[in-house]
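Just follow the structure's listing: the first ligand is 1, and inside any ligand the first atom is 1.
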Amino acid sequence: MSNEAKLLIEGQEHVLPVTVGTEGERAVSIAKLREVSQHITLDDGYGNTGSCLSNITFIDGEKGILRYRGYPIEQLAEQSSFVETAYLLINGELPTRDQLRQFSEGLTENAYLHEDMRYHFESFPVTAHPMAILSSMINASSCFYPGLMGPANVERLPIHATRLISQVRTIAAYSYRKSRGYPIIYPKKNLKYTANFLHMLFSQPYEDYELRPEVVKALDLIFLLHADHEQNCSTATVRMVASSQANMFASAAAGVCALWGPLHGGANQAVIEMLQEIHASGDDGSKFIEAAKDKNSGARLMGFGHRVYKNYDPRARIIKAACDSILDKMHIQDPLLDIAKLLEDKALNDSYFVERKLYPNVDFYSGIIMRAIGIPVEMFTVIFAIGRMPGWISNFKEVVENPKSRIYRPRQVYMGATQRDYVPVENR
Ligand code: ACO
């Protein structure tokens, strides 16, 4: 196959180089197109635009394949842990026993926030959404590390990455405690990553939260499955901010804001709210499916559809099985799970969803697990953000370590008013 493409514009032929990825993905490089032809490409929403070369995550949306650094998500979900997967994403290789121990110890040592950060938490109203607190506090905590300011120091990246992965969990737990008016619970040295998070979330000063292994495992799996997903909205945002040489914490805080929206990470909260509404209305899901197909109804089947997956999201398959397992182990019968299964069954057999290749995505079942664990709905997207942190950091690292990195600066096609003369206010 030729490694060049030809583009004919107004009778003039332009030869464009084709870049081929390691999994055979082919991309026509248009970096010089405007220079040679005075044309740019237009791709609203970037659906067909490759914004970078990346070595981190591979997705084949048609086949439903997801791999971190070449390892299938199914194998990592079965055999790895969130912390090991975070190491893999950031460093490119699975850690040796010693490397994993050192990384885990670094996470434990860096779990504490600067004590002055507590005062920042106090200034938020109790009604503040934890995602607003999370993004603000990640950005604020960068002020406590002067070495972070200015263009990234590549040698300091590992320590900043360790701090951020560890502290996002502490900030997340504090933001929940704040929203409930509960006292802050400090991390414990003897607890591993996910167990420590649950402890900070649910323990009380007078009583430690009882850590059930199946609960720790289920939440660890949710973190792992969210750890990266190539150039989604929030990761592309992190790379965009990183490209201006903003620091790692500022770039991650921007990622949190992008993740918040209901079309992205906020979908896990939207799914549970949708299921609760269906349940409260007495519907088993049948009426809602009809509304979701009607463009005038304003309803969408949240947790369904994906820009890249035109097949079953492999993460949704793993989460669905984990959902059945944890509910069974905890002896919980959740009517929302029955509604979700019915919605899925109906959608997968309905021509509207089949023709548009709309399948359950990662958010469809994750909320039911989090509900069973006792995590409140407004924290769901925060859990997603904790999980996605290694992915954001790996992408940040890829940008700042690339000597050829340039500031991200897309172009546009201007469709506004052409030149006109200013009219003084008395004449308008
Ligand atoms: N329910 C009903 N119809 C849908 C849904 C849905 N969930 N998703 C897409 N469609 C329809 C659209 O109306 C459109 O129909 P049309 O061709 O007749 O106009 C068609 O399917 C294509 O949809 P788009 O919105 O153009 O697809 P896009 O790639 O832009 O959006 C998205 C993908 C945002 C995920 C969309 O499917 C959606 O809104 N899903 C629900 C929200 C959700 O679950 N988001 C989480 C995504 S995964 C993640 O971020 C972790």
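Partners of D324 under the side-chain hydrogen bond (donor to acceptor under 3.5 Å, both in side chains) rule, at least two apart in sequence or in another chain, are K341.
A cation-pi contact, defined as under 6.0 Å to the ring centre and within 45° of the axis, links R317 to Y312. A cation-pi geometry, defined here as NZ or CZ lying under 6.0 Å from the six-membered ring centre and within 45° of its normal, holds between R356 and Y352.
Judged by distance alone, the side chains of R169 and S166 do bring a donor and an acceptor atom under 3.5 Å apart. Using modelled atom types and a 3.5 Å distance limit, the side chains of S234 and H264 yield a donor-acceptor pair.
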Just list the N/O pairs, ligand 1 to protein, that are under 3.5 Å apart, with the distance for each.
from     : atom 1 : to   : atom 2 : distance (Å)
ligand 1 : 1 (N)  : L301 : N      : 3.1
ligand 1 : 3 (N)  : Y352 : OH     : 2.8
ligand 1 : 7 (N)  : L301 : O      : 2.8
ligand 1 : 7 (N)  : F304 : O      : 3.0
ligand 1 : 13 (O) : K295 : NZ     : 3.4
ligand 1 : 13 (O) : R300 : NH2    : 3.1
ligand 1 : 15 (O) : K295 : NZ     : 3.3
ligand 1 : 15 (O) : R356 : NE     : 3.2
ligand 1 : 18 (O) : K295 : NZ     : 2.9
ligand 1 : 18 (O) : R356 : NE     : 3.1
ligand 1 : 18 (O) : R356 : NH2    : 2.9
ligand 1 : 25 (O) : R300 : NH1    : 3.4
ligand 1 : 25 (O) : R300 : NH2    : 3.2
ligand 1 : 29 (O) : R307 : NE     : 2.7
ligand 1 : 30 (O) : R307 : NH2    : 3.0
ligand 1 : 39 (O) : R300 : NH1    : 2.5
ligand 1 : 40 (N) : F304 : O      : 2.9
ligand 1 : 44 (O) : G303 : N      : 2.8
ligand 1 : 44 (O) : N361 : ND2    : 3.0
ligand 1 : 45 (N) : L263 : O      : 3.2
ligand 1 : 50 (O) : H264 : ND1    : 2.9

List the steps, then state whether ring-ring contact (aromatic ring centres under 6.0 Å, His included) holds for F82 with Y193. CA-CA 8 Å; F82 173 63; Y193 190 89; 5.3 Å; yes
